[in-house]
There are 2 protein chains.
Amino acid sequence: MVNKEKDKSTEEKILDAARKVFVQKGLDGARMQDIADEAGINKALLHYYFRTKDKLFEMIFLETVGKIFPRFEMILLSDMDFFDKIRQIVSSYIEVIIHNPYLPLFVLNEMNKNPEFGIVDFFKVQRPVVIHRFMEDIEKEVSKGTIKAVSPAHLLVNMMSMCIFPFVAKPVINIMLDLDELQFRNMMEQRKRVVAEFIIESIKN
Amino acid sequence: MVNKEKDKSTEEKILDAARKVFVQKGLDGARMQDIADEAGINKALLHYYFRTKDKLFEMIFLETVGKIFPRFEMILLSDMDFFDKIRQIVSSYIEVIIHNPYLPLFVLNEMNKNPEFGIVDFFKVQRPVVIHRFMEDIEKEVSKGTIKAVSPAHLLVNMMSMCIFPFVAKPVINIMLDLDELQFRNMMEQRKRVVAEFIIESIKN
DNA sequence: GTCTATATTCAGATAGAC
DNA sequence: GTCTATCTGAATATAGAC
């Protein structure tokens, strides 16, 4: 019906606004008024659609976490050549974050400060599959002699670190290296290649 | 005089408490009441010593930033063998963070959310010296043929990423790899060696 | 310098008209 | 469903006694 579409439209406006504000300011920093302004409505309507601030936040938070990780896992689970897999995952992961630069800090922050928001469950479902597959890959390559006997856990952490951290530390990096916005962006584009080759150089036999 | 020491004692109690609370909860999340409780005094006294919450926060924040970076720079500026320098800096940097695990997220957070708090000036003084020296080192090694022609900027970012990020992402890592507190701690101890060798393997000729 | 009590401000949440 | 107006609670900040 007509009402249905209007409903969805308003709800969507709220979700869009909440996403933007929460991701920038976090749970504590965000104001319901900010979200209402951003959505072009008033506070009362926010509470009409989502009873409390926490409820609204949890919706955005889970959606956000769900957006980041599946792509990571999809590539890890594919069956392409191991080095290409590394190139793919690094490149596409950095690409995602380039277009959502505030997401990582947002997720890390809220996972540290609000461990209760049910993310734990979210991870525990898919985790074992991915990690297991990644370890299998590495063992296969080791026995083929294409790579050294590296620790899968450390390799995974190194990869994640080099992809994600620069965005989290953007202000520090820009000051230390004296970069402006465009130069930072260019550096991140370079990293799609640089990081992958850095890893491959380190582990290849 | 006796008064002087009493003053200093109370002020120090406040600073200790503020450090603890701010580092755990950030500027927004921290409550003056929390700090007062932690210090064993009442709110009014906080405002007597430091007029506002922001003033108190800025004090802690600058102190914190100042605590993290000098060690980084001291080693970079020393004149030991390049590979040993990498081993030293990785190891001692991870060591610092092991004993102050909340500092990185705190600093990164507040630099992203409150760029005004005068850190910019803090960095701009020392930055050029360190970066310049680090680039010199790399060029020297490249011309000696001991390492490949790598980008100093990317190398520096990679090093920082692999040292710092795991602590920021601790909840994620613990879930993904199914670690408990002790296992995480052990993994970080391992990383003092692992990360340095990972880097050296990648860049050595 | 340190406290208790209070003022002020602000954000989340609700009531009720339309 | 959407708005205006209002309540309630919490947190920063101040006044004033000791």
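All values derive from a computational prediction rather than experimental measurement. Below, each value reflects all heavy atoms present in this structure, side chains not excepted, and no hydrogens, waters or symmetry copies. Below, chain A is the first sequence line, B the second, and so on; all start at residue 1.
The phosphate of dA13(D) (OP1 or OP2) has a side-chain N or O of H47(B) nearer than 4.0 angstrom. Between Y48(A) and dC3(D) there is no side-chain polar atom (N or O) within less than 4.0 angstrom of OP1 or OP2. In this model, the phosphate group of dT2(C) is not approached by any side-chain N or O of N42(B) to a distance below 4.0 Å at OP1 or OP2. A sub-4.0 Å separation between OP1 or OP2 of dT2(D) and a side-chain N or O of T10(A) is present.
Between E197(B) and K148(A) there is no salt bridge, since no side-chain N of the basic residue sits under 4.0 Å from a carboxylate O of the acidic one.
For K43(A), the side-chain atoms get nearest to dA13(C) when compared with the rest of dA13(C), dT12(D), dC3(D).
Checked by atom type, the side-chain pair N174(A)/D180(A) shows no donor-acceptor distance below 3.5 Å. Inspection of the N158(B) and R191(A) side chains reveals an N or O donor paired with an N or O acceptor under 3.5 Å.
Regarding M32(A), its CE atom lies at a distance of 20 Å from the P atom of dC7(D), rounded to whole Å. In this structure, the CG atom of D28(A) is 14 Å from the C1' atom of dG12(C), given to the nearest Å. Atom CD1 in I35(B) sits about 11 Å away from atom P in dA13(D), given to the nearest Å. Separating the OH atom of Y49(A) from the P atom of dA13(C) is a distance of 18 Å, rounded to the nearest angstrom. Residue R51(A) contributes atom CZ, which lies 17 Å from atom C1' of dG1(D) at whole-angstrom precision. Counting to the nearest Å, the P atom of dT14(C) and the CG atom of L45(A) are 14 Å from each other. Put simply, CZ on F50(B) is 18 Å from C1' on dT14(D), counting in whole angstrom units. One atom, CG of D34(A), and another, P of dA11(C), lie 8 Å apart when rounded to the nearest Å.
Across all strands shown, A30(B) has heavy atoms under 4.0 Å from sugar-phosphate atoms exclusively, and none from any base.
Partners of Q33(B) according to the side-chain hydrogen bond (donor to acceptor under 3.5 Å, both in side chains) rule, which considers only residues two or more places apart in sequence or in another chain, are D37(B).
The aromatic ring centres of F61(A) and F57(A) sit less than 6.0 Å apart.
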